[in-house]
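Reviewing the structure listed below.
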Amino acid sequence: QVQLVESGGRLVQTGGSLRLSCAASGRTFSRYVMGWFRQPPGKEREFVGIISWSGSSTQYADSVKGRFTISRDNAKNTVYLQMTSLKPEDTAVYYCAAGDLFGVRESGYDYWGQGTQVTVSS
């Protein structure tokens with residue numbers, strides 16, 4: 001069992017930067033692939049990025065590639081989402097998730113956080 005808690009979401013101006021954190025409980029955090037997803041207002045939840053259990057592999061959605069970076073610190077049971085050059089279309093609730101498979105589908109993740117709101121003003 002893994003419990004995930006996101007933090008760091010807030011209002012930020014276009015072009016700004018923000019770092020989200022996802023703290024995990026449990027001693028088995030390091031065995032999980034960690035993903036970030038987001039749900040814009042009025043839209044379905046979408047894949048943002050993923051990081052392997054070791055941190056050696058990452059994958060990003062085209063919409064955030066080159067602007068967002070995922071990292072993890074297994075000693076701290078925490079995964080991060082560094083966001084730069086933020087745009088109004090990045091406004092969403094951001095979720096972290098833990099799973100066993102390196103993939104972009106929500107169905108591949110077993111544990112989810114409650115989400116943190118990011119709002120990018122124009």
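Treat the numbers as computed from the prediction; the structure is a model and nothing was measured.
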Exam field: side chain Q3 to backbone S25, donor-acceptor pair closer than 3.5 Å: no
Flag, side chain of Q117 to backbone of R10, donor-acceptor distance under 3.5 Å: no
Co-members of the apolar cluster containing V12 [side chain, <4.5 Å]: V2, L4, L18, L20, F29, Y32, M34, W36, V48, I51, Y60, V64, F68, I70, V79, L81, M83, L86, Y94, Y111, V118, V120
Sequence-distant partners of L11, side chain to side chain contact (heavy atoms under 4.5 Å, CB included), two or more places apart: T119, S121
Contact list for residues 11-122, test disulfide bond (SG atoms under 2.5 Å apart), sequence neighbours left out: C22-C96
Partners passing salt bridge (Lys or Arg N to Asp or Glu O under 4.0 Å) against D110 (at least two apart in sequence or in another chain): none
Residues in side-chain hydrogen bond (donor to acceptor under 3.5 Å, both in side chains) contact with E106, at least two apart in sequence or another chain: R45
Of all pairs that satisfy side-chain hydrogen bond (donor to acceptor under 3.5 Å, both in side chains), the ones with a partner from residues 75-88, not counting sequence neighbours: none
Selection residues 33-74 - residue pairs positive for disulfide bond (SG atoms under 2.5 Å apart), sequence neighbours left out: none
Residue pairs, two or more places apart or on separate chains, that pass salt bridge (charged side-chain N to carboxylate O under 4.0 Å, His left out) and touch residues 88-98: R38-D90, R67-D90
For R31, salt bridge (Lys or Arg N to Asp or Glu O under 4.0 Å) partners two or more places apart: D100
Residues clustered with F37, ILVMFWY side-chain links under 4.5 angstrom: V33, F47, I50, V93, Y95, F102, V104, Y109, W112
Step-by-step side chain to side chain contact (heavy atoms under 4.5 Å, CB included) determination, E46 to Q39: CA-CA 6 Å; E46 63 186 22; Q39 186 166 19; over 6 Å; no
Under the side chain to side chain contact (heavy atoms under 4.5 Å, CB included) test, residues paired with S122 that sit two or more places apart: T14, P88
Salt bridge (Lys or Arg N to Asp or Glu O under 4.0 Å) partners of K65, counting only residues at least two apart: D62
